[in-house]
Undergrad: 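Questions regarding the structure given below will be posed in turn.
Atom set for the values below is all heavy atoms of this structure, side chains included, hydrogens, waters and symmetry mates excluded.
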Amino acid sequence: MASLSIGIAFANTVRTVPRINTRRSKISCEWDPKGILGPAQTGHIARLEFKRRIERDSEAKEAFQKQLREERERREALRESRVVPDASAELIEYFLDTEAQEIEFEIAKLRGRLNDEFFAQIRLEIGQIRFAVTKTAQDEDRLIELESLQKALEEGIEAYDKMQKELMTATNSLTKILTSTDIKTTLLDMVEKNEINRSLLTLLDENIANAYRGNQKEAGDYMEKVRASVLKYLTV
């Protein structure tokens with residue numbers, strides 16, 4: 001399934017957990033700076049240093065991959081453990097307690113629940129705080145949380161719906177191409193209808209990758225040729 005990235009920015013006060021920094025630490029090597037080992041023997045020492053650096057890089061790479069696996073497992077476990085509430089008011093709290101990097105996933109999973117009734121509940125709570133006679137610091141924080149959540153969800157839903165529409169169009173276009181008996185004529189017709197776009201190319205790339213992974217080399221090779229034709233018309 002093709003996917004598009006949804007950029008969502010939360011205010012600092014929204015209850016989110018910071019992203020884990022998975023960047024690999026910089027690795028440095030020193031060449032006996034004080035000359036303790038005497039003059040460098042370029043060939044032998046260089047080979048040993050290169051070997052040591054490769055070993056350290058290998059260890060760092062493995063540690064980095066392990067950290068990625070652990071983070072992926074943590075997120076999968078978190079997704080499975082969360083219980084989606086029935087009431088809109090409780091669903092608001094559910095999203096407020098969602099980690100920032102999980103918002104896209106939750107929007108896709110709960111798109112049907114993010115309806116007029118849900119947003120009416122958010123607006124109701126915002127209005128109750130905004131027009132209250134007296135407000136505490138906690139109320140002010142809550143208002144910022146709700147307004148940030150409302151904005152983030154609206155932008156996320158807009159991006160998700162656009163992605164789904166583009167994906168559906170791309171799926172239909174790819175089916176039209178792959179079932180055509182005259183690909184050139186089909187592509188020219190699609191160009192006139194403005195149906196050749198990046199979403200189609202992305203979906204085609206994913207199908208090519210899946211074909212090769214499934215040992216369907218002939219299908220993969222064929223779609224590679226189709227891709228070349230699509231790319232030509234995409235850049236016209």
Side-chain angles (χ1 to χ4, degrees), residues 1-11 14 16 19-24 61 64-65 67-69 71-72 75-76 79 95 98-115 118-119 148-236:
M1 184 69 72
S3 60
L4 300 179
S5 177
I6 304 173
I8 298 175
F10 272 85
V14 173
T16 56
R19 294 177 184 269
I20 293 177
N21 182 3
T22 55
R23 293 180 183 174
R24 183 173 63 186
K61 181 179 179 180
F64 175 67
Q65 293 298 330
Q67 190 173 8
L68 288 179
R69 287 195 301 271
E71 170 62 6
R72 183 168 58 250
R75 291 173 64 175
E76 289 175 355
R79 289 174 177 179
F95 273 102
T98 297
E99 296 183 16
Q101 63 267 36
E102 288 293 289
I103 286 291
E104 294 176 17
F105 172 80
E106 295 294 346
I107 287 176
K109 183 177 74 173
L110 299 171
R111 178 63 185 92
R113 295 284 307 279
L114 302 176
N115 49 26
F118 174 78
F119 282 101
S148 298
L149 177 64
Q150 180 184 28
K151 184 174 185 294
L153 290 179
E154 288 174 346
E155 292 177 352
I157 289 171
E158 180 181 0
Y160 174 78
D161 289 348
K162 180 181 178 182
M163 179 194 71
Q164 290 300 107
K165 182 178 179 180
E166 290 178 349
L167 180 58
M168 181 61 68
T169 301
T171 301
N172 293 336
S173 296
L174 183 57
T175 300
K176 185 188 300 185
I177 293 171
L178 296 179
T179 57
S180 173
T181 56
D182 186 345
I183 291 180
K184 183 176 181 180
T185 300
T186 299
L187 289 176
L188 289 172
D189 180 62
M190 292 174 66
V191 168
E192 291 181 2
K193 297 178 180 178
N194 198 29
E195 294 176 350
I196 305 293
N197 52 43
R198 289 289 173 184
S199 296
L200 172 60
L201 194 66
T202 299
L203 185 60
L204 187 54
D205 285 339
E206 291 186 1
N207 277 269
I208 292 170
N210 289 334
Y212 286 133
R213 278 197 296 267
N215 294 321
Q216 297 176 328
K217 186 176 184 302
E218 186 177 349
D221 291 345
Y222 175 74
M223 286 189 287
E224 286 277 17
K225 295 178 181 179
V226 172
R227 184 189 189 281
S229 297
V230 170
L231 187 60
K232 180 176 68 174
Y233 288 106
L234 181 66
T235 56
V236 168

Undergrad: Could you measure the distance from the CG atom of L149 to the CD1 atom of I103? Nearest 0.5 Å is fine.
TA: 6.5 Å

Undergrad: Evaluate the side-chain proximity of N172 to E195: yes if any heavy-atom separation is below 4.5 Å, no if none is.
TA: no

Undergrad: How many angstroms lie between NZ in K193 and NZ in K176, if you round to the nearest 0.5 Å?
TA: 5.0 Å

Undergrad: Does N194, at its CG atom, have more than 12 non-hydrogen atoms belonging to other residues, nucleotides or ligands within less than 6.0 Å?
TA: no

Undergrad: What pair of heavy atoms forms the shortest contact from G156 to I107, and how long is it?
TA: CA-CD1, 3.7 Å

Undergrad: Within 45° of the ring axis of F105 and under 6.0 Å from its six-membered ring centre, is that where the NZ or CZ of R79 lies?
TA: yes

Undergrad: May I have the step-by-step check of side chain to side chain contact (heavy atoms under 4.5 Å, CB included) for M190 and V230, ending in yes or no?
TA: CA-CA 10 Å; M190 292 174 66; V230 170; over 6 Å; no

Undergrad: Once rounded to the nearest 0.5 Å, what's the spacing between atom CD1 of I157 and atom CD of Q164?
TA: 12.5 Å

Undergrad: Can you name the nearest heavy-atom pair linking E166 to S199, along with the distance?
TA: OE1-OG, 3.3 Å

Undergrad: Given S180, which partner from the list T185, D189, T186 fulfils the side chain to side chain donor-acceptor pair (under 3.5 Å) test?
TA: T186

Undergrad: Which distance, rounded to the nearest 0.5 Å, do you find between the CD1 of I208 and the CD of E224?
TA: 4.5 Å

Undergrad: Let's go through M223 and L178 carefully: what are the C-alpha distance in whole Å and the side-chain angles of both, what is the deciding distance for side chain to side chain contact (heavy atoms under 4.5 Å, CB included) to 0.1 Å, and is it a yes or a no?
TA: CA-CA 8 Å; M223 286 189 287; L178 296 179; 4.1 Å; yes

Undergrad: Does the distance from a Lys or Arg side-chain N to an Asp or Glu carboxylate O, for E158 and K162, drop under 4.0 Å?
TA: no

Undergrad: If you measure from the Lys or Arg side-chain nitrogens to the Asp or Glu carboxylate oxygens, is any gap between R75 and E99 under 4.0 Å?
TA: no

Undergrad: Measure the spacing between NZ of K109 and CD of E106 and express it to the nearest 0.5 Å.
TA: 4.0 Å

Undergrad: Closest heavy-atom contact between Y233 and K184?
TA: OH-CG, 3.6 Å

Undergrad: For a quick test of reading the model, state the closest non-hydrogen atom pair linking F118 to L153 and the distance between them.
TA: CE2-CD1, 3.6 Å

Undergrad: Quick check: closest heavy atoms across I183 and I177, and the distance to 0.1 Å?
TA: CG1-O, 3.9 Å

Undergrad: Stepwise, does the side chain to side chain contact (heavy atoms under 4.5 Å, CB included) test hold for E71 with Q101?
TA: CA-CA 12 Å; E71 170 62 6; Q101 63 267 36; 3.9 Å; yes

Undergrad: Compare every heavy atom of L200 with every heavy atom of A170, then report the nearest pair and how far apart it is.
TA: O-CD1, 3.7 Å

Undergrad: Could you go step by step and tell me if D221 and K225 meet the side chain to side chain contact (heavy atoms under 4.5 Å, CB included) rule?
TA: CA-CA 7 Å; D221 291 345; K225 295 178 181 179; 5.6 Å; no

Undergrad: To the nearest 0.5 Å, what is the distance between CG on D205 and CZ on R198?
TA: 9.5 Å

